[in-house]
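Everything on this sheet refers to the single structure shown next.
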Amino acid sequence: MKLDTTGLESFAPLHGGMDDLHGELWAPPSFDLPVCADFDGFQKNAIQMVKPAKGTTTLAFVFKEGIIVAAESRTSMGGYVASQNVKKIVEINPHMIATVAGGAADCIFWHRNLGVKCRLYELENKRRISVAGASKLLTNMLYSYLGMELSVGTMIAGWDEMGPSLYYVDSEGGRLKGSRFSVGSGSPYAYAVLDNGYRYDMPLGEAAELARRAIYHATFRDGASGGVAIVYHVGPDGWKKLSGDDVKELHDKYYPAVQVPAEQEMMQITPL
Amino acid sequence: MALSRDWMYENNGGTCVAIAGADYCVVAADTRLSIGYSIYTRDYSKICKLTEKCVLASSGFQGDIKALQKNLAAKHLIYQHQHNKQMSCPAMAQLLSNTLYFKRFFPYYAFNVLGGLDNEGKGCVFTYDAVGSYERVGYSAQGSGSTLVMPILDNQLKSPSPLLLPARDAVTPLSEADAVDMVKDVFASATERDIYTGDKLEIVILNASGVRREFMDLRKD
């Protein structure tokens, strides 16, 4: 018996009628590949040689007033701090933001590409793309490069028709919907603080402070995290940057130096 | 690692520095080209003028860098034909990032610093990693001597992070003459402690009146 699949046919225009520009915009980008006997070995050696910048503690969680997204701002190339001021929270459109963890160039390139695809979707369908859809687009793009050592660990946060949505997407093919994530080398430290203080019905100020504190603790213990702790909020009207604080100042605020009274004091001896 | 069918890169060494000012930009690089412990030439320019307002300095594998410069110049020419104007520095910065990323799986072994004037005439410096991750900064150093130079520039020029709320400017408060002097000092120091940096310093200064080039001798040992 042959199954009746007419119900599954899409009503999208056939690709035969499209011009080159459209095809070019939707197709995944094509890359030069080296001609060598050991491709994987070459990739491993090339990555070690160029040491692309990597970024390292980000977190996001859903609560009753929306989503809080926070990150620090350090990128390291091997053991060298390449920058203390990198933006790890990128805006895809006024209602969706994404975090950058893993290879900085990889994340930023693919997020920019995702922004293009989201905009094309809006133009073709006359409505904003859902977070589930955007994260699926990203996963599908990254999946084509599975095994080629891309390093992307990102969270997509947005407020769409289903309410606040948070997805975790990585270059190993993972895509998870959830309510609390932390990604990067400093994530264990951030999780500890975040899980300890989290309540769904927190007010906005308390949620932002929890995120800030979690990032601060990650920067304190993880050498690859540092710089500025940034906190964003995604609400029904879109995202808004709440704060950006240097973690050095946060340290002085949370753990101010205490004057230890001297046990003994040296006395001035006047010569005879 | 020696050249072979599986490894086609060399490191020619050298250091590149750029400083952005309120209405100028200084881009400097040494002129030594080395392979291993040998100096192949003392007079090789690592700086390439891409547009009237935009200059690229790159350190790393000069073969890849030459190809990258040609690639950018060709794309810039097409842009000029299509838009009837030269590319702005921020536009060139994005183009360079994309050009680098499109060789993500066979990278250009190039550590770049792009310097120039933005659309408002303010100095801008963009610093890159080898696969295209970039950032607009007030100053930067790349190359073999970068780890020697950056701490000095941080000490003298570090300004509040642009990520802080409320945001603050990323240009240095130095005058143009002071910035050129600082660059000369910084290279003299880097030359002392980095074997791949030395011979001669080439300084390119961009400001509202155009592009100017200066040279200074460095230690040749």
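Since the structure is predicted, the reported quantities are computational estimates derived from the model, not experimental observations. So you know, we letter chains A, B, ... as the sequences are listed, proteins then strands, and number each from 1.
In this structure, chain B has heavy atoms under 4.5 Å from both the backbone and the side chain of A/Leu33. Heavy atoms of A/Val228 lying under 4.5 Å from chain B belong exclusively to its side chain. Heavy atoms of A/Asp32 lying under 4.5 Å from chain B belong to its backbone as well as its side chain.
Applying the ring-ring contact (aromatic ring centres under 6.0 Å, His included) rule to A/Tyr168 yields the partners A/Phe181; only residues at least two apart in sequence or on another chain are considered. Scored by the side-chain contact (heavy atoms from CB on, under 4.5 Å) test, A/Glu172 finds A/Asp170 as partners (sequence neighbours excluded).
Residues A/Leu150 and B/Phe105 have side chains in contact (heavy-atom distance under 4.5 Å, counting atoms from C-beta outward). By the 4.5 Å heavy-atom criterion applied to side chains, B/Thr147 and A/Tyr80 are counted as neighbours. Put simply, the side chain of B/Met8 reaches to within 4.5 Å of the side chain of A/Phe42, judged on heavy atoms. Side-chain contact between B/Val137 and A/Asn85 is absent, with no heavy atoms from C-beta onward closer than 4.5 Å.
For the residue pair A/Ala105 and B/Gly132, the shortest heavy atom distance occurs at CB-C, 4.1 Å. Between A/Ser73 and B/Leu163, the shortest heavy-atom distance links the atoms CB-CD1, 3.4 Å.
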Do B/Phe111 and A/Met77 pass the side-chain contact (heavy atoms from CB on, under 4.5 Å) test, and can you show the C-alpha distance, the side-chain angles, and the key distance before you say yes or no?
CA-CA 12 Å; B/Phe111 295 99; A/Met77 282 166 67; 4.1 Å; yes
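Counted within 6.0 Å of NZ on B/Lys46, heavy atoms from surrounding residues, nucleotides or ligands total more than 12; the atom is thus considered enclosed. Within a 6.0 Å radius of OH in B/Tyr37, no more than 12 heavy atoms belonging to other residues, nucleotides or ligands are found.
Of all residues in residues 70-102 of chain B, those placing a non-hydrogen atom less than 4.5 angstrom from a non-hydrogen atom of chain A are B/Gln94, B/Asn98, B/Tyr101, B/Phe102. Applying a 4.5 Å heavy-atom cutoff, none of the residues of residues 210-222 of chain A approach chain B.
A/Glu149 CD to B/Arg104 CZ: the interatomic distance, rounded to the nearest 0.5 Å, is 8.5 Å. Remark: A/Cys36 SG to B/Phe106 CZ distance equals 7.5 Å, nearest 0.5 Å.
Interface check for chain A: of the options B/Glu135, B/Gln142, B/Met150, the most heavy-atom pairs under 4.5 Å are formed by B/Glu135.
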